[in-house]
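Given the structure is predicted, the values throughout are model-derived calculations rather than measurements. Values reported hereafter were calculated over all heavy atoms of this structure, with side chains retained and with hydrogens, waters and symmetry mates removed. Numbering of ligands and ligand atoms starts at 1, following listing order.
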Amino acid sequence: MLQIPSQPGHIERLRGNFTGKDILSLEQFSAEDIQTVFEVTHEMKRIAVNHLPSTRLAGHLLSLLFFEPSSRTFGSFCAATKYLGGQTLDIQNPETVTSVYKGETFEDTIQVFEAYSSAIVLRHKQVGAAQRAAEVADVPVINAGDGNNEHPTQTLLDLYTLYERFGRLDHLTGLLVGDLLNSRTLHSLMRGLALFPNNTVYLLAPQRLRLPGDDILSLRARGLRIVELAREEDIPRDCHFWYWTRIQKERFASLDDYQQAEQQRFVATPELLARYASDDMILMDPLPRVGTIDPAVDRDERAVYLRSQIRNGLYTRMALLALVLGRA
Ligand code: NCD
């Protein structure tokens, strides 16, 4: 259960001012805040694409603390900081390479790295870990994924990818496929889509990995139209985007449970696109795909997961860092 609160508790809303704030959840954002990130993103893209030297984050050092594996989120935060002239302290697997191994608590660890850095980017398997870190650290904490809860910076790049393609974030129809129960990228994305009017999502998940009913009700109450599908045959042909996800192996209690769920996974193939996808849709995936998108689909121009979606992760994270550190 995601326990989407209708009135978020002590998560501070951005209200147009990012400087010094923690970025923990999509709950903090308004539609205008998303637009603010996009405005800065345009400029960041220009810097990165043209290899323009930037000193925007000069003097700043970020601690990247990743208690779970990561390629894109870690790589792009690291690259984003460096493109803007800042530095990073890169710590993947703190459990094995820091004093966490010796039994140091999470709270102590956060305070240690707080002392060295202007901000902490944290990925952790526990729901609420970033919020806990934000409670003990005075520097901004950015949630790079907390368990199966949220992944707000992924949503910024996903929304930017949609905005770039369609020029708007309202009146969009999407197909969300895969592990609706455990995909933090989907949980944040739905919150993001709910900020804009007249969006519809069709959900297609293995029976045991459906989005909990309470969460569906809570998102509907915010205005997101949600339709659950039972079979591929029910996919409507007019979706603007498909958002594919893998089955989140690391969230299962046993390998057996995972293997059972995996047998019911949905796979994006050229045939499925030919049958149900419109000509001008895009196919997104936060990646990694683990057998869930046939590599033959990569050649399709509508497949953006290895193209703009990856690059937008760099540009939007550059923008977010500049905003949070007051250098936008
Ligand atoms: C996602 C994550 O870690 O939640 N990866 C990412 O950040 N791009 C998706 C996933 O692991 O399935």
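Residue-level proximity to ligand 1 for Q154 is carried by the side chain, the only part with a heavy atom below 4.0 angstrom.
Ligand-side atoms of ligand 1 in range of T185: 1 (C), 4 (O), 9 (C), range being under 4.0 angstrom from any heavy atom. Within ligand 1, counting atoms from 1 as listed, the ones closer than 4.0 Å to a heavy atom of T73 are 6 (C), 7 (O). With ligand atoms numbered from 1 in the order given, ligand 1 contributes 1 (C), 5 (N), 6 (C), 8 (N), 9 (C), 10 (C) to contacts under 4.0 Å with heavy atoms of L287. Near H151, the atoms of ligand 1 lying under 4.0 angstrom from a non-hydrogen atom of the residue are 2 (C), 4 (O), 6 (C), 7 (O).
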Would you list the atom pairs, donor with acceptor, under 3.5 Å between side chains in residues 106-115 and any protein atom, with sequence neighbours excluded?
{"unit_1": "E107", "atom_1": "OE2", "unit_2": "R132", "atom_2": "NE", "d": "2.8"}
{"unit_1": "D108", "atom_1": "OD1", "unit_2": "T105", "atom_2": "OG1", "d": "3.4"}
{"unit_1": "T109", "atom_1": "OG1", "unit_2": "T105", "atom_2": "O", "d": "2.7"}
{"unit_1": "Q111", "atom_1": "NE2", "unit_2": "E107", "atom_2": "O", "d": "3.2"}
{"unit_1": "E114", "atom_1": "OE2", "unit_2": "D138", "atom_2": "N", "d": "2.7"}

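For the pair E68 and ligand 1, no heavy-atom separation below 4.0 Å is found. Note on ligand 1: S183 sits outside its first shell, no heavy atom being nearer than 4.0 Å.
For ligand 1, one of its N or O atoms has an N or O atom of P286 under 3.5 Å away.
Here the options are F166, Y163, Y202, the test is ring-ring contact (aromatic ring centres under 6.0 Å, His included), and the partner is H240; only F166 passes.
Looking at heavy atoms from C-beta onward, M318 lies in side-chain contact with Y83 at the 4.5 angstrom threshold. Between L203 and M190, the closest side-chain pair of non-hydrogen atoms falls below 4.5 Å.
Of the protein's heavy atoms, R246 NE, 3.4 Å lies nearest to atom 10 (C) of ligand 1. Among all protein heavy atoms, the one lying closest to atom 3 (O) of ligand 1 is R184 NH2, 2.9 Å.
For Y160 and Y315, the ring centers sit 6.0 Å or farther from each other.
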Margin query: Using side-chain contact (heavy atoms from CB on, under 4.5 Å), reason through L325 and L57 one step at a time and then give a plain yes or no.
Written below: CA-CA 8 Å; L325 294 172; L57 293 188; 3.8 Å; yes
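Rounded to the nearest 0.5 Å, atoms OG1 (T73) and CD (E68) are 10.5 Å apart.
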